[in-house]
Amino acid sequence: MMGAVTAVGRCVDELRYAAFQGRSGIHRLNGEGCADHIGAEVASGGFEQYGPVDRSTAFAIHAAEEAISGAELAEEQLREAATFIGSSKG
């Protein structure tokens, strides 16, 4: 299973829907101090339940919860499971 937090959705279903629609999360950025002004970003908010962690960590926890939930693994199988996390945090 997979979990996702992206500029076009906060779950795999939203990401898949955007891909089928041909939508990209890339747009002109308005941030001060950015070296590049074209990119993609996840909208703020909605991750407060993960406590005082940085955004990347909250995104990773959110995606991992989605993947674990979708995998429908027994508790014994969860102990054997692995996680792969990718980020473009630069």
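These values consider heavy atoms only, across backbone and side chains, with no hydrogens, waters or symmetry-generated copies. In what follows, residues are counted from 1 in the order of the sequence shown.
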Residue pair I85 / T83, side-chain heavy-atom distance below 4.5 Å: yes
Interatomic distance, H37 atom NE2 to N30 atom CG [nearest 0.5 angstrom]: 9.5 Å
Going from CZ on R55 to CZ on F59, what distance comes out if it is rounded to the nearest 0.5 angstrom? 3.5 Å
All N/O donor-acceptor pairs, side-chain side in residues 22-29, below 3.5 Å, sequence neighbours left out:
unit_1, atom_1, unit_2, atom_2, d
S24, OG, I26, N, 3.0
H27, ND1, G25, O, 3.0

Neighbour count above 12 (heavy atom, 6.0 Å) for E80 CD: no
Which pair of heavy atoms, one from F47 and one from V42, lies closest together, and at what distance? CE1-CG1, 4.3 Å
Shared-cluster residues of Y17, by chain and number - hydrophobic side chains joined below 4.5 Å: none
Which donor-acceptor pairs under 3.5 Å do side chains of residues 63-76 form with protein atoms, sequence neighbours excluded?
unit_1, atom_1, unit_2, atom_2, d
E65, OE1, Y50, OH, 2.9
E66, OE1, A4, N, 3.0
E66, OE1, V12, N, 3.4
E66, OE2, V12, N, 2.8
E75, OE2, R79, NH2, 2.9

Hey, is the main chain of R10 close enough, under 3.5 Å, to the side chain of H62 for a donor-acceptor pair? yes
Might you work through the side-chain contact (heavy atoms from CB on, under 4.5 Å) test for I61 and Q49, ending with a clear yes or no? CA-CA 10 Å; I61 294 169; Q49 70 268 29; over 6 Å; no
